[in-house]
Student: 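The structure's right below; bear with me while I get my questions together.
Predicted model, so just to flag it, every value in this text is computed and none were measured. Heavy-atom basis, side chains included; hydrogens, waters and symmetry copies ignored. Each chain gets a letter, A, B and so on, in the order the sequences are listed, and its residues count up from 1.
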Protein chains: 2
Amino acid sequence: MNDLLKERDAWSMANCSIARTLEIVGTRTALLIMREAFFGTRRFDDFAKRVGIGEPAASTRLKELTAAGLLERVPYQEPGQRTRYAYQLTQKGRDFLPVLSALRQWGDTWAADEQGPPVVVRHENCGAPVHVALRCDDGHDVPIGDAFVDAGPGLIRVSPDSP
Amino acid sequence: MNDLLKERDAWSMANCSIARTLEIVGTRTALLIMREAFFGTRRFDDFAKRVGIGEPAASTRLKELTAAGLLERVPYQEPGQRTRYAYQLTQKGRDFLPVLSALRQWGDTWAADEQGPPVVVRHENCGAPVHVALRCDDGHDVPIGDAFVDAGPGLIRVSPDSP
DNA sequence: TAGCTAACTTCTGAAAGCGTAAGTCAGCTG
DNA sequence: CAGCTGACTTACGCTTTCAGAAGTTAGCTA
């Protein structure tokens, strides 16, 4: 632990990136809908059925994720069908893959059955399984124990008893 | 998208690693408590205060995370004080860092203020900021678009209308 | 123009999550 | 042994999350 953590009570978490992310995807169903989006699901009914949730929940989450910009509602038309709308990942949504990969990886390691995990993510070029790794901006691999938390440029300090 | 995804409806998600992980840390408060644990928080009251939640919520989550094995309750004694208990990360809990890093990174990219993020994770050896990266088991860096989902060894196939 | 279907919305009600406030408890200090 | 303190637990009520079932809508097909 470094010294900065001793003044942890002076940190405001008002602009915490983790908390802000969780305001968007902080429910179980939102994360599972994002999982399905990465599996390729696009249509309303498929989201509800494959995530295993009711239609009201699917409707609410899809609307929130669309409003937050992780998904976009795009029109499509199958031959002989009326125009319908599909929910597809935006760049903001695709950028969410590392979160899901990290969740999957932790579950694979600590909560999987003996047979192994049901799905694997692979590298398109070589077919090898993909995992998440921590790396520093100088290009070093960072084992989990070699990372430490530091104050960032946006840190707001408050008197120890303020919100 | 690969062909396997066309049979997505035949996949059972009964043993989905993401869903299993979310059964343990699928609430906003559980994830924020894990964040605090990585910041170095150990004591009950500090968790409640720093996460900004009530004591009942802190109690429930700490109990769940302890039961799930991400935290352990260890006795400690400050001089002249009675024995108390601290909640500290186990290996299973420390292994959760990539999830929080990924959430933080997404928030830093897509939801941060102009000043930048409040906290930075750094590499102990060189001080450079740490980020999460996708890499395949052959050692290649994997851009987000170059990853695809494939069936894993534990995949359970069901008739398309079963749970 | 009546039927059909995907894609919703609305209604109802149960369960979970949460904060505030008020306890309880154990063991050290005076 | 009375007071104190950190670490909880209990009680209460509000809000959110969720499923199931039923209703609605738009536009293609017959």
Side-chain angles (χ1 to χ4, degrees), chain A residues 8-9 13 19 22-37 41-68 71-88 160-163, chain B residues 8-9 13 19 22-37 41-68 71-88 160-163:
Chain A
R8 166 65 186 86
D9 283 322
M13 285 290 108
L22 293 178
E23 270 162 40
I24 299 170
V25 290
T27 62
R28 217 180 69 91
T29 47
L31 288 162
L32 291 176
I33 282 183
M34 290 303 291
R35 176 196 75 184
E36 278 313 310
T41 299
R42 294 287 175 267
R43 290 161 59 159
F44 181 88
D45 281 8
D46 287 339
F47 276 111
K49 182 179 57 177
R50 294 171 183 175
V51 173
I53 61 179
E55 288 165 7
S59 176
T60 306
R61 295 296 152 250
L62 286 169
K63 225 171 281 177
E64 287 169 1
L65 290 170
T66 302
L71 300 176
E72 59 186 345
R73 204 158 161 273
V74 297
Y76 73 97
Q77 192 160 21
E78 288 177 4
Q81 296 278 331
R82 56 187 268 222
T83 301
R84 303 195 182 284
Y85 291 89
Y87 298 88
Q88 67 178 35
D161 290 320
S162 304
Chain B
R8 166 67 187 83
D9 282 323
M13 285 290 108
L22 294 178
E23 271 162 41
I24 298 170
V25 290
T27 62
R28 217 182 70 92
T29 48
L31 288 162
L32 292 176
I33 282 182
M34 289 303 291
R35 176 197 75 185
E36 280 309 320
T41 299
R42 293 286 175 268
R43 289 160 60 159
F44 181 88
D45 281 8
D46 286 339
F47 276 110
K49 183 180 56 180
R50 294 172 182 175
V51 173
I53 61 179
E55 289 164 5
S59 176
T60 305
R61 294 296 153 250
L62 286 170
K63 224 172 283 179
E64 287 169 0
L65 291 170
T66 302
L71 300 177
E72 59 187 344
R73 204 159 160 272
V74 297
Y76 73 97
Q77 192 160 22
E78 287 177 3
Q81 297 278 330
R82 56 186 269 220
T83 302
R84 302 194 183 284
Y85 292 88
Y87 297 88
Q88 67 178 35
D161 289 323
S162 304

Student: In whole angstroms, how far is the C1' atom of C:dA16 from the CD atom of B:Glu64?
Tutor: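 Rounded to the whole Å, the gap is 11 Å.
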Student: Taking only side-chain N and O atoms of B:Arg73, does any of them lie within less than 4.0 angstrom of OP1 or OP2 on D:dC8?
Tutor: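 Answer yes for this pair, as a side-chain N or O of B:Arg73 is under 4.0 Å from OP1 or OP2.
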Student: Check each of A:Arg50, A:Lys49, A:Gln88 against A:Thr41 using the side-chain hydrogen bond (donor to acceptor under 3.5 Å, both in side chains) test, and report the only one that passes.
Tutor: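 The single option meeting the side-chain hydrogen bond (donor to acceptor under 3.5 Å, both in side chains) with A:Thr41 is A:Arg50.
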Student: Would you say B:Thr29 reaches C:dC18's phosphate, i.e. side-chain N/O to OP1/OP2 under 4.0 Å?
Tutor: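 B:Thr29 to C:dC18 OP1/OP2: side-chain N or O found under 4.0 Å.
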Student: Can you name the closest pair of heavy atoms from A:Leu65 and A:Ala30 and give their distance?
Tutor: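 Answer, listing the atom of A:Leu65 first, then A:Ala30: CD1-O, 4.0 Å.
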Student: Would you tell me if any nitrogen or oxygen in the side chain of A:Ser59 comes within less than 4.0 Å of OP1 or OP2 on C:dT9?
Tutor: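 Checking C:dT9 against A:Ser59, a side-chain N or O does come within under 4.0 Å of OP1 or OP2.
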Student: Could you check how far CZ of B:Arg28 sits from P of C:dC18, rounded to whole Å?
Tutor: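 So the CZ-P distance, B:Arg28 to C:dC18, works out to 7 Å.
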Student: Starting at CZ of B:Arg50 and ending at P of D:dG6, how long is that distance when rounded to a whole Å?
Tutor: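 Computing the B:Arg50:CZ to D:dG6:P distance gives 14 Å.
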Student: Separation of A:Asp45 atom CG from D:dA21 atom P, in whole Å?
Tutor: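 Answer to the nearest Å: 16 Å.
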Student: For the pair made of CG in A:Leu32 and P in D:dC18, what is the distance, rounded to whole Å?
Tutor: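 Atom CG in A:Leu32 sits about 9 Å away from atom P in D:dC18.
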Student: Using whole Å, what does the distance between atom C1' of nucleotide C:dG27 and atom OH of B:Tyr85 come to?
Tutor: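 For the pair B:Tyr85 OH and C:dG27 C1', the rounded distance is 12 Å.
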Student: Look at A:Arg43 and C:dA6 and indicate whether a side-chain polar atom (N or O) is within less than 4.0 Å of OP1 or OP2.
Tutor: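 No.
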Student: On the nucleotide C:dC18, are OP1 or OP2 found under 4.0 Å from the side-chain N or O atoms that B:Arg61 carries?
Tutor: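 Yes, B:Arg61 has a side-chain N/O under 4.0 Å of OP1/OP2 on C:dC18.
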Student: Can you tell me the distance, in whole Å, between the OH atom of A:Tyr87 and the P atom of C:dA6?
Tutor: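 Value for this atom pair: 15 Å.
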Student: Could you check which of C:dT9, D:dA19, C:dC18 has an atom nearest any side-chain atom of A:Glu55?
Tutor: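 Within the option list, the nearest is C:dT9.
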Student: Mapping A:Arg84 and A:Ile53 to their closest nucleotides on DNA chain D, which lands nearer the 5' end?
Tutor: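 Looking at the nearest nucleotide for each, A:Ile53 comes out on the 5' side.
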Student: Under 4.0 Å, heavy atoms only, any strand: does A:Gly52 hit a base, just the sugar-phosphate, or nothing?
Tutor: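 Here A:Gly52 touches the backbone only, sparing every base.
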Student: What is the distance, to the nearest angstrom, from the NZ atom on B:Lys49 to the P atom on C:dG19?
Tutor: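 Atom NZ in B:Lys49 sits about 16 Å away from atom P in C:dG19.
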Student: Does a side-chain N or O from B:Thr60 land closer than 4.0 Å to OP1 or OP2 of C:dC18, or not?
Tutor: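 Looking at the OP1 and OP2 atoms of C:dC18, neither is under 4.0 Å from any side-chain N or O of B:Thr60.
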Student: Whether A:Tyr76 contacts C:dA6 is assessed here as follows: a side-chain N or O lying under 4.0 Å from the phosphate OP1 or OP2. Is that the case?
Tutor: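 No, no such contact exists.
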Student: Determine whether A:Lys63 and A:Ser59 satisfy the following criterion, side chain to side chain contact (heavy atoms under 4.5 Å, CB included), listing intermediate values before the conclusion.
Tutor: CA-CA 6 Å; A:Lys63 225 171 281 177; A:Ser59 176; 3.8 Å; yes
Student: For C:dT9 and A:Lys63 - does any side-chain N or O of the residue sit under 4.0 Å from the phosphate oxygens OP1/OP2?
Tutor: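 Checking A:Lys63 against C:dT9: at least one side-chain N or O falls below 4.0 Å of OP1 or OP2.
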Student: Would you sort out whether A:Arg73 and A:Thr66 count as a side chain to side chain donor-acceptor pair (under 3.5 Å), showing the intermediate values?
Tutor: CA-CA 7 Å; A:Arg73 204 158 161 273; A:Thr66 302; over 6 Å; no
Student: Could you please spell out the steps behind the side chain to side chain contact (heavy atoms under 4.5 Å, CB included) verdict for B:Tyr76 and B:Arg84?
Tutor: CA-CA 5 Å; B:Tyr76 73 97; B:Arg84 302 194 183 284; 3.7 Å; yes
Student: Tell me which of A:Thr83 and A:Thr27 sits closer to the 5' end of DNA chain D, going by the nucleotide each one is nearest to.
Tutor: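 The 5'-side residue here is A:Thr27.
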